[in-house]
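Have a look at the structure below before the remarks.
Keep in mind it's a predicted model, so treat the numbers as computed, not measured. Labels below follow one simple rule: chain letters A, B, ... track the order of the sequence lines, proteins then strands, and each chain is numbered from 1.
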2 protein chains.
Amino acid sequence: MGEPVLGRRLMALLDLFARHSDDAGKLTRLYLSPAHKSAIAELSGWMRAAGLAVAVDALGTLTGRYESAQPGAPTLLIGSHIDTVRDAGRYDGALGVLAGLVAVEELASRSERMPFAIEIVAFGDEEGVRFPTTLLSSRALAGRFDSACLDMRDAQGITLRQALVDFGCDPEQIGAIARRSDHLLGYVEVHIEQGPTLAEARKPVGVVTAIAGAKRLSVDVIGKAGHAGTVPMRLRRDALAAASEMILAIERIARAAANIVATVGNAAISPGAPNVIPGKVSFSVDLRAPNDADRDAALSGISQAMEEIARKRGVRLESQIVHETPAVACSPSMTECLTQAIRRQGFPAPMMVSGAGHDASAVASLCPVGMMFVRCAGGISHSPEESVTTEDADVCVRVLLDFLRGFPESKIRVR
Amino acid sequence: MGEPVLGRRLMALLDLFARHSDDAGKLTRLYLSPAHKSAIAELSGWMRAAGLAVAVDALGTLTGRYESAQPGAPTLLIGSHIDTVRDAGRYDGALGVLAGLVAVEELASRSERMPFAIEIVAFGDEEGVRFPTTLLSSRALAGRFDSACLDMRDAQGITLRQALVDFGCDPEQIGAIARRSDHLLGYVEVHIEQGPTLAEARKPVGVVTAIAGAKRLSVDVIGKAGHAGTVPMRLRRDALAAASEMILAIERIARAAANIVATVGNAAISPGAPNVIPGKVSFSVDLRAPNDADRDAALSGISQAMEEIARKRGVRLESQIVHETPAVACSPSMTECLTQAIRRQGFPAPMMVSGAGHDASAVASLCPVGMMFVRCAGGISHSPEESVTTEDADVCVRVLLDFLRGFPESKIRVR
């Protein structure tokens, strides 16, 4: 293996790009913020320097188009997002956009044209930090923008509509963002894994077969509060002991099922004093699976176990679904093309499920999507400690290039 | 059984007494408050009307003395507290003081004198609501007042010293409160159970053999936070799942031991978001037992179980004792006298452990103490829903009278 030239270029661009922040001393780049604006300006410059035709749509999504040799050729999208959480790492999102750019820079430097156009897409709203929504810009691309979102407000009370106008966008033009699927070959997204699986397995990249669907429950366990000293154990209806048994049942059921993750991330105890038996516990359950049937089967097992525990302990159980997103399968043919490209570059191509949501979930309703995960140290993301090696960055650009060059002609229909 | 005349008198006094409140519309009578002052004034009047000699000591404790027929006879104390929690019930504390008064009223109305003097004692600080301490006045009676307490402040920044002066007490005289044990036959306290055992067993009263000691632990479980979607179950170190297993182990160990109660009353989860695996959970453990050896054996079992769970799950455990009070045994002879009096009145006399603390715990270092519990509906206390029946109130005064009249002469030494 030679010098990781492409990886070095990608890491250099990622470092430069991380300077676009709304907070001094750390990386925070919220949707439609000044940092988002300056990031778009710099990225546009890099795109133009590589010969790409640049455009910003009515929701602030930046695209850079690298034309095909063949007129009327379809378009392949390569993208991810350039917004971040607060105090973020520099790889989540930006890596996918800039990996695409570095691959196209390499093609352009050799005047290589593909039998399809390539568009690098930089979405602006994936993290959902500023407004109470997420995937606004990728859903609009798929023709699924909900105009009611324009009236949502951020923490300062600014509506999305106003924020767009302030950013220089025309909300009236949002309808024009939707793409026609018959012009698109597909959408490829490279993203850090945000989990420890690749690091554990010592593999640089993996192929995503599905983006997990999620159901989120809110569970209330109502027992009977009482004096910690005066109520004998056998007469208690302790809501926290009941909730603890439920939390362990949830863990057991998720462990037993393949491909399921279940998390109780928060719990509130009432009254919540050291000398009072808990009368009520409210907790959240987050359940994810690569397909909705498996997820719902696990949910049904969990509900049954919780009801049994509640009955046995004489506590009341109230549970409701507060959030639901369906699982999204990646395109088998895109997945196969990515797998072949990874193997041609000399690496194993483990199949993975993405437990986190991505722009690809939204674009999947428009065209075939494929995703490649890149190893990140310790599986850490949403933190300044997020880390990717230059070698892995290099693998990821080389795989992308190989994927582009090796894309099967049979799949490319010219209009 | 005749009309519950004494019970009706006791309930009438309790109803009148409940009007002395610092809060309109509910019962709140804090230590050294205006309501405490007016309660002392009214109770003093009732005591004087029954022929008792009234005094208020330097910590606001009111005593009413009913002299013996024999000069130089020892004194028997009957008491409890007249402060309350906020939004309290009318029986916790006041019942014991007023039951003593009604019994002495009955003796006085018949000009019956005992071979010992009787003092009705109304302590002012048992609930520990106003100042960050408890049992101030009963500890002072036992000669164990800590003068550092005078500098403690309430929520308004008023020191105990200032509050005493404002109440009309002279802090310089606190040293004189301590009683000499050789003048005392003992201390008897009647109190509502504050637990459901008597109500469950359908018995009006019970005899307390010991006041449980308590240890309170603060436990931190440190695992590893992570994304709820991207970390496979087998790679998690979920602090809440570990804490749940510990909470169930604590419950199991307390259930298996006789006379132990253990409570996890509060837990804080960090970071505490539905889509983040908990990285840290801090919880409290409150452990009580009628003797310290049993309590410490249970604690050692709990610590061992928690360490094993932590080891198995790869989480870190940090635990420390934040509070400790030793168990107090009631006097076997006082307990026997109470038991005989209950039986003579035609009721069973179940032996009980008090899981809550009482003034008797403090007085036990001065003289023999005995305690009788009275059934309260549903075991509810510290709430306006606290409830005692007229019939049970009647039983409790008749038992007290029988106890006084039947007190064995062999135990009474005249100076």
Side-chain angles (χ1 to χ4, degrees), chain A residues 193-197 200 212 214 216 218 226-236 238 240-241 243-248 250-251 254-255 257 259-269 271-278 281 283-286 288 322-323 354-357 379-382, chain B residues 193-197 200 212 214 216 218 226-236 238 240-241 243-248 250-251 254-255 257 259-269 271-278 281 283-286 288 322-323 354-357 379-382:
Chain A
E193 182 198 342
Q194 298 182 270
T197 308
E200 281 276 319
R216 203 170 284 167
S218 163
H227 192 299
T230 62
V231 185
M233 298 306 288
R234 66 182 174 82
L235 294 179
R236 295 183 174 203
D238 182 328
L240 182 56
S244 296
E245 202 173 336
M246 292 174 191
I247 290 166
L248 291 176
I250 291 165
E251 186 192 45
R255 276 181 175 171
N259 273 339
I260 299 272
V261 288
T263 307
V264 177
N266 203 10
I269 292 131
N275 61 344
V276 181
I277 300 162
V281 175
F283 63 88
S284 60
V285 184
D286 178 297
R288 307 194 192 197
V322 291
H323 171 78
S354 173
I380 296 166
S381 72
H382 289 187
Chain B
E193 182 197 343
Q194 299 183 269
T197 307
E200 281 276 318
R216 204 169 285 167
S218 164
H227 191 299
T230 63
V231 184
M233 298 305 290
R234 66 182 173 81
L235 294 179
R236 297 184 174 203
D238 182 328
L240 181 56
S244 295
E245 202 172 335
M246 293 173 190
I247 289 166
L248 291 177
I250 291 165
E251 186 192 45
R255 276 181 175 172
N259 274 339
I260 298 272
V261 287
T263 307
V264 177
N266 203 10
I269 293 133
N275 61 343
V276 182
I277 300 162
V281 175
F283 63 89
S284 61
V285 184
D286 179 295
R288 308 194 191 197
V322 292
H323 171 78
S354 174
I380 295 165
S381 72
H382 288 186

**Item:** Portion of B/Val264 that has a non-hydrogen atom of chain A nearer than 4.5 angstrom
**Value:** both
**Residue B/Arg216 versus chain A: region with a heavy atom under 4.5 Å** = side chain
**Asked** Highest number of heavy-atom pairs under 4.5 Å with chain B: which of A/Ala214, A/Ala273, A/Ala268?
**Response** A/Ala273
**Item:** Heavy-atom contact with chain B under 4.5 Å, split by part of A/Ala241
**Value:** both
**Request:** Using non-hydrogen atoms and a 4.5 Å limit, figure out which bit of B/Ala267 sits close to chain A: side chain, backbone, both or neither.
**Result:** both
**Message:** Does any part of the side chain of B/Pro196, heavy atoms only, come nearer than 4.5 Å to the side chain of A/Val231, both counted from C-beta?
**Reply:** yes
**Asked** Taking every heavy-atom pair that is under 4.5 Å apart, which of A/His382, A/Arg234, A/Glu200, A/Met246 has the most such pairs with chain B?
**Response** A/Glu200
**Message:** How long is the straight-line distance from OG1 of A/Thr263 back to CG of B/Asp238, given to the nearest 0.5 Å?
**Reply:** 7.0 Å
**Message:** Measuring from atom CD of A/Glu245 to atom CD of B/Glu251, what distance do you get when rounded to the nearest 0.5 angstrom?
**Reply:** 7.5 Å
**Message:** Has B/Thr230 got a side-chain atom pairing as donor or acceptor with A/Gly355's backbone, closer than 3.5 angstrom?
**Reply:** no
**Contact check, side chains of B/Met233 and A/Ile260, non-hydrogen atoms, under 4.5 Å** = no
**Request:** Heavy-atom distances under 4.5 Å only: say whether B/Ile277 touches chain A with side chain, backbone, both or neither.
**Result:** both
**Asked** Is any side-chain heavy atom of B/Arg236 less than 4.5 Å from a side-chain heavy atom of A/Val261?
**Response** yes
**Options B/Leu240, B/Asn259, B/Thr197, ranked by heavy-atom pairs under 4.5 Å with chain A, top entry** = B/Leu240
**Message:** Are A/His323 and B/Asn275 packed together at the side-chain level, in the sense that at least one heavy-atom pair is separated by less than 4.5 angstrom?
**Reply:** no
**Message:** Counting heavy-atom pairs closer than 4.5 Å to chain B, which one of A/Ser218, A/Ala262, A/Ser381 comes out on top?
**Reply:** A/Ala262
**Complete:** Most contact-rich option vs chain B, by heavy-atom pairs under 4.5 angstrom, among A/Ser354, A/Ser244, A/Ala243, is A/Ser244
